[in-house]
**Student:** 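Submitted below is the structure of interest, expressed as structure tokens.
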2 protein chains.
Amino acid sequence: MATKNKKMKMMTLDQMKDKDIGKVGTPERDKYEFDLRMEVLGDMIKSVRKERNLTQEQLGKLIGVQKSQISKLERNTKNVTIETILKVFSALKANVRFSVEMNESEFKVA
Amino acid sequence: MATKNKKMKMMTLDQMKDKDIGKVGTPERDKYEFDLRMEVLGDMIKSVRKERNLTQEQLGKLIGVQKSQISKLERNTKNVTIETILKVFSALKANVRFSVEMNESEFKVA
DNA sequence: AAAAAAGTTGAATTATATGGAAACTTTTAT
DNA sequence: ATAAAAGTTTCCATATAATTCAACTTTTTT
């Protein structure tokens with residue numbers, strides 16, 4: 001509940017999962033980055049939502065959709081648009097950032 | 001899990017833009033993270049593509065779409081799905097990562 | 001164990017992203 | 001200055017993401 005870090009708090013997905021299943025308080029819960037995969041996105045939403053102590057219905061109301069929609073997003077039945085991602089995380093007061101990492105040597109232009 | 005590869009090169013969008021308009025060789029071209037905003041996405045694609053010395057047509061061929069499609073993505077005429085982002089950056093041999101940053105104190109559950 | 005709350009699923013609809021083709025414009029050679 | 005290459009735009013079709021509603025299942029509470 002009450003925060004210690006005044007600034008930002010970030011968490012890994014695993015840590016989030018740990019939280020979901022009970023194991024709270026891992027040490028390196030500081031920052032988290034992961035490859036942008038669709039499969040993992042729903043878990044992120046769910047975890048942040050839980051962190052905010054919201055039900056799917058409440059989150060839905062926050063962004064103006066039914067709880068079923070939230071469920072679908074969390075369960076990742078489909079591909080998702082950036083807009084949707086932003087809408088959801090914005091409602092959760094979470095910043096989404098993304099970065100592109102370019103492996104120079106790996107590309108050969110013939 | 002996935003570990004860092006040896007030689008990654010990352011760059012900021014501003015640096016990419018600098019490159020586009022001529023200013024190459026900025027010092028902190030090392031890593032880059034930015035808020036996931038749609039407006040900026042097209043620039044990312046364009047910049048990485050240029051870094052790879054590809055034309056829109058070549059990139060298009062790489063992922064199996066017309067050059068007009070690439071143009072649209074770069075110009076951000078529409079919202080984009082994750083799948084598309086991945087497809088493009090994967091063709092460019094660039095890793096996309098994304099992170100969620102949660103400001104604890106900012107959320108008040110009533 | 002029953003009731004209530006939370007979450008899931010399926011079917012249907014609407015909105016919009018993806019995509020191609022061709023004409024057009026801008027940029028880059030020659 | 002012209003031609004060629006690269007990029008943009010418009011029109012259009014198709015695929016699929018976003019969404020709702022209602023019934024259903026699972027979880028939580030009492």
Side-chain angles (χ1 to χ4, degrees), chain A residues 16-17 19-24 36-92 96 98 109-110, chain B residues 16-24 36-92 96 98 107 109-110:
Chain A
M16 287 186 177
K17 276 178 176 161
K19 176 138 217 176
D20 271 353
I21 58 174
K23 278 190 205 165
V24 202
L36 178 55
R37 288 180 304 120
M38 287 180 301
E39 309 93 65
V40 102
L41 207 80
D43 293 330
M44 290 295 282
I45 296 173
K46 179 171 183 175
S47 300
V48 178
R49 172 175 65 81
K50 290 232 154 138
E51 188 76 10
R52 294 315 197 186
N53 283 302
L54 294 173
T55 66
Q56 292 183 340
E57 193 164 33
Q58 290 174 311
L59 175 54
K61 199 157 284 179
L62 235 38
I63 62 182
V65 299
Q66 297 297 113
K67 61 180 183 173
S68 59
Q69 182 60 12
I70 303 296
S71 174
K72 278 165 188 169
L73 292 173
E74 291 185 357
R75 306 217 101 224
N76 248 319
T77 39
K78 310 244 173 188
N79 188 12
V80 191
T81 64
I82 302 261
E83 202 168 79
T84 299
I85 297 171
L86 293 182
K87 213 194 302 183
V88 171
F89 283 113
S90 154
L92 290 167
V96 182
F98 106 114
V109 184
Chain B
M16 288 186 176
K17 276 180 179 162
D18 281 347
K19 175 138 217 174
D20 272 354
I21 58 174
K23 278 190 205 166
V24 201
L36 178 54
R37 288 180 304 120
M38 286 181 300
E39 308 94 64
V40 103
L41 206 81
D43 293 329
M44 290 295 282
I45 297 174
K46 178 171 184 176
S47 299
V48 177
R49 173 175 63 80
K50 289 231 154 138
E51 188 77 9
R52 294 317 197 185
N53 282 302
L54 294 173
T55 66
Q56 292 184 340
E57 192 163 34
Q58 290 173 313
L59 175 54
K61 201 157 282 177
L62 234 42
I63 63 182
V65 300
Q66 297 295 113
K67 60 180 182 170
S68 59
Q69 186 60 14
I70 304 296
S71 174
K72 281 167 192 170
L73 292 173
E74 291 186 355
R75 306 220 94 222
N76 250 317
T77 39
K78 310 245 172 191
N79 188 14
V80 191
T81 64
I82 301 263
E83 202 168 78
T84 299
I85 297 172
L86 292 180
K87 214 194 302 183
V88 171
F89 284 113
S90 154
L92 290 167
V96 184
F98 109 113
F107 207 86
V109 183

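Within every chain, numbering begins at 1; the chains are lettered A, B, ... in the order of the sequence lines, protein sequences first and strands thereafter. All values derive from a computational prediction rather than experimental measurement. Below, all heavy atoms of this structure are taken into account, side chains as well, without hydrogens, waters or symmetry copies.
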**Student:** For B:L41 and C:dA17, what is the distance between atoms CG and C1' respectively, to the nearest whole Å?
**Tutor:** 14 Å
**Student:** Quick one: pull up NZ in B:K61 and CD in B:Q66 and give me the separation to the nearest 0.5 Å.
**Tutor:** 9.0 Å
**Student:** Which distance, rounded to the nearest 0.5 Å, do you find between the CD of B:Q56 and the NZ of B:K67?
**Tutor:** 8.0 Å
**Student:** For the helix from C:dA1-D:dT30 to C:dT30-D:dA1, what angle separates the axis at the start from the axis at the finish, each from five pairs, in steps of 10°?
**Tutor:** 60°
**Student:** At less than 4.0 Å, is any side-chain N or O atom of B:R49 found next to OP1 or OP2 of D:dA6? Yes or no.
**Tutor:** no
**Student:** Once you round to the nearest 0.5 Å, how far does CG of A:L41 lie from CG of A:L73?
**Tutor:** 8.5 Å
**Student:** If the cut-off is 4.0 Å, is B:S71 near the phosphate of D:dT8, judged by side-chain N/O to OP1 or OP2?
**Tutor:** yes
**Student:** In Å and rounded to the nearest 0.5 Å, what is the CD1 to NZ distance from B:I45 to B:K50?
**Tutor:** 13.5 Å
**Student:** Just how far, in rounded Å, is P of C:dA5 from CD of A:E57?
**Tutor:** 10 Å
**Student:** Once you round to the nearest 0.5 Å, how far does CD1 of A:I70 lie from CD1 of A:I63?
**Tutor:** 4.0 Å
**Student:** Tell me: NZ of A:K61 to P of C:dA6, nearest whole Å?
**Tutor:** 11 Å
**Student:** Report the residue from A:M44, A:R49, A:K87 that forms a side chain to side chain contact (heavy atoms under 4.5 Å, CB included) with A:L92.
**Tutor:** A:R49
**Student:** Rounded to whole angstroms, how far apart are NZ on A:K46 and P on C:dG7?
**Tutor:** 8 Å
**Student:** What does the B/S/- profile of nucleotides 18-30 of chain D look like, 5' to 3', with a 4.0 Å heavy-atom cutoff to protein?
**Tutor:** SBBBB--------
**Student:** Could you give the CD1-to-C1' distance, from A:I70 to C:dG7, as a whole number of Å?
**Tutor:** 12 Å
**Student:** Any side-chain N or O of A:R75 less than 4.0 Å from the OP1 or OP2 oxygen of C:dT9?
**Tutor:** yes
**Student:** Roughly how many Å is it from CG in B:N76 to C1' in C:dT18, rounded to a whole number?
**Tutor:** 14 Å
**Student:** Using every non-hydrogen atom in the two residues, find where A:A91 and A:L62 come nearest and quote the distance to one decimal.
**Tutor:** O-CD2, 3.7 Å
**Student:** Hey, could you give me the CD/CD distance between A:E74 and A:Q69, rounded to the nearest 0.5 Å?
**Tutor:** 11.0 Å
**Student:** In a table with atom names and distances, give each donor-acceptor pair under 3.5 Å that connects a side chain of residues 78-86 of chain B to protein atoms at least two apart or in another chain.
**Tutor:**
unit_1 : atom_1 : unit_2 : atom_2 : d
B:N79  : OD1    : A:E83  : N      : 3.3
B:N79  : ND2    : A:T81  : OG1    : 3.1
B:T81  : OG1    : A:N79  : ND2    : 3.1
B:T81  : OG1    : B:T84  : N      : 3.3
B:T81  : OG1    : B:T84  : OG1    : 3.0

**Student:** What is the separation between atom CD on B:Q56 and atom C1' on C:dT18, rounded to the nearest whole Å?
**Tutor:** 16 Å
**Student:** May I have the distance from B:I45 (atom CD1) to C:dA17 (atom C1'), rounded to whole angstrom?
**Tutor:** 13 Å
